[in-house]
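Everything on this sheet refers to the single structure shown next.
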Amino acid sequence: MMLRLAVLFSALCASSCQLACPPIISPAKWGSRPAKCAAPLSKVPPGNVIIIHTAGSACHTQPECSELLRNIQVFHRDMKEWCDISYNFLIGEDGNVYEGRGWLLEGAHTYGYNDLSLGIAFIGNFTERSPNEAAWKTLKNLLAYAVQSGYLASDYLLMAHSDVSNTVSPGKLIRETIKMWPHYKH
């Protein structure tokens, strides 16, 4: 039932995007395999967003990003034995958002926050550099759209993965940038 609701909400998102909504590539369009299981977020809309990086290669075209997502999904599902790709959404340097678990399902991105937050990952390793302008614009638009559409609480807290977990993700430059945003908390 929750999976059907997630599909319905994703379809509504795609059909009701206004100016702030960035392009959202559905799991079917990037070649996702079906999730092995799913659990709903504990509260909808969630009040937290965790910004992460995938720590692998970056991508600059939809075919590149789609291939990376399929590889990430294989790693998360088959090697780590998680239900699915761990993130709710992923952002490529092509300016697209790639739907992982979507708006309503619990991720596997940040211990202690998975059921309370949306995990949004920049695709790539950003320990030495910042994502390009297209990726930053896409993140801002996704957050604005999420609030405007009721998928994210208007008073949400924005955190870097490293703020709540012992990791270098999402990288110092990303953390320094989001520290200046109004919803940042740490």
Side-chain angles (χ1 to χ4, degrees), residues 13 17-25 30 41 43 45-62 64-66 68-69 71-72 75-76 85-103 106-186:
C13 170
C17 282
Q18 296 176 4
L19 292 178
C21 186
I24 298 178
I25 309 301
W30 61 259
L41 288 168
K43 181 180 177 191
N48 300 294
V49 175
I50 310 292
I51 303 299
I52 304 157
H53 74 171
T54 63
S57 299
C59 58
H60 298 89
T61 67
Q62 189 174 334
E64 275 182 345
C65 293
S66 294
L68 284 175
L69 263 73
N71 292 338
I72 292 168
F75 178 68
H76 289 180
I85 196 165
S86 64
Y87 315 109
N88 298 89
F89 294 96
L90 300 94
I91 297 174
E93 290 188 288
D94 62 346
N96 287 317
V97 174
Y98 294 84
E99 182 180 346
R101 295 191 186 199
W103 300 112
E106 178 180 330
H109 48 81
T110 311
Y111 182 77
Y113 288 85
N114 290 324
D115 66 331
L116 306 169
S117 65
L118 294 177
I120 302 174
F122 284 111
I123 302 170
N125 185 330
F126 297 100
T127 56
E128 301 293 323
R129 70 177 185 93
S130 183
N132 68 12
E133 188 60 35
W136 280 113
K137 181 179 179 184
T138 297
L139 175 60
K140 288 177 183 177
N141 289 342
L142 181 64
L143 293 171
Y145 175 76
V147 169
Q148 163 191 322
S149 301
Y151 295 121
L152 182 61
S154 60
D155 60 346
Y156 71 92
L157 301 177
L158 181 66
M159 296 170 270
H161 194 200
S162 56
D163 291 334
V164 292
S165 188
N166 186 19
T167 181
V168 297
S169 172
K172 181 180 175 185
L173 296 172
I174 291 174
R175 186 172 185 272
E176 292 302 314
T177 299
I178 66 171
K179 272 175 73 170
M180 297 183 297
W181 293 11
H183 288 274
Y184 179 79
K185 177 228 175 223
H186 182 68

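Between Pro46 and Leu116, every side-chain heavy-atom pair lies at or beyond the 4.5 Å cut-off. Residues Pro45 and Tyr156 fail the side-chain proximity criterion, which asks for heavy atoms closer than 4.5 Å. Residues Leu68 and Thr54 fail the side-chain proximity criterion, which asks for heavy atoms closer than 4.5 Å. Taking 4.5 Å as the limit, every side-chain heavy atom of Phe126 sits out of range of all side-chain heavy atoms of Val168. Side-chain atoms of Leu139 and Trp181, non-hydrogen and from C-beta on, do get closer than 4.5 Å to each other. Side-chain contact between Glu64 and Ser57: absent, with no pair of heavy atoms (C-beta onward) separated by less than 4.5 Å. Tyr113 is not listed as a side-chain neighbour of His161, based on a closest heavy-atom distance of 4.5 Å or more.
We find the CG-NZ distance between Asp155 and Lys185 to be 12.5 Å, quoted to the nearest 0.5 Å. The CD1 atom of Ile51 lies 5.5 Å from the CD1 atom of Ile178; values are rounded to the nearest 0.5 Å. Interatomic distance, OG of Ser86 versus CD1 of Ile72, reported as 8.0 Å (0.5 Å rounding). Note: Ile91 CD1 to Ile24 CD1 = 9.5 Å, rounded to the nearest 0.5 Å. To the nearest 0.5 Å, atom CZ of residue Phe122 and atom CD1 of residue Ile174 are 5.0 Å apart. Interatomic distance, CD of Glu106 versus OG of Ser117, reported as 9.0 Å (0.5 Å rounding).
His109 approaches Asn114 most closely through the heavy-atom pair N-OD1, 2.7 Å. Heavy-atom minimum distance, Gly92 versus Ala135: O-CB, 3.9 Å. Counting all heavy atoms, side chain and backbone alike, Gly124 lies closest to His53 at O-CB, 3.4 Å. Closest non-hydrogen pair, Tyr184 versus Ala160, comes out as CE1-N, 4.2 Å. Residue Leu152 comes nearest to Asn48 through the heavy atom pair CD1-O, 4.2 Å, listed as atom of the first residue, atom of the second, then distance.
Listed by first then second residue, pairs satisfying salt bridge (charged side-chain N to carboxylate O under 4.0 Å, His left out) with a partner in residues 119-130 read Glu93-Arg129, not counting sequence neighbours.
A donor-acceptor pair is defined here as one N or O able to donate and one able to accept, closer than 3.5 Å; no such pair exists between the side chain of His183 and the backbone of Leu158. Counting only distance, with no hydrogens or angles, the side chain of Ser165 and the backbone of Thr167 share no donor-acceptor pair below 3.5 Å. Side-chain atoms of Ser154 never come within 3.5 Å of backbone atoms of Val147 as a donor-acceptor pair (strictly under, hydrogens ignored). A donor-acceptor pair under 3.5 Å links the side-chain atoms of Arg101 to the main chain of Ile85, judged by distance alone. Panel note: side chain Asn141, backbone Pro22; no donor-acceptor pair is recorded below 3.5 Å. The backbone N or O of Gly56 sits nowhere less than 3.5 Å from a side-chain atom of Asn125 that would complete a donor-acceptor pair. Here the side chain of Ser149 pairs a donor or acceptor atom with the backbone of Tyr145 at under 3.5 angstrom.
The only option from Ile50, Ile52, Thr110, Ile123 that meets the side-chain contact (heavy atoms from CB on, under 4.5 Å) definition with Tyr87 turns out to be Ile52.
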>> Evaluate Ile120 against Leu143 for side-chain contact (heavy atoms from CB on, under 4.5 Å), listing each step before the verdict.
In response: CA-CA 10 Å; Ile120 302 174; Leu143 293 171; 4.0 Å; yes
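In this pair, Trp103 and Tyr151 present their aromatic rings parallel. The plane angle is below 30°, not in the 30 to 60° band.
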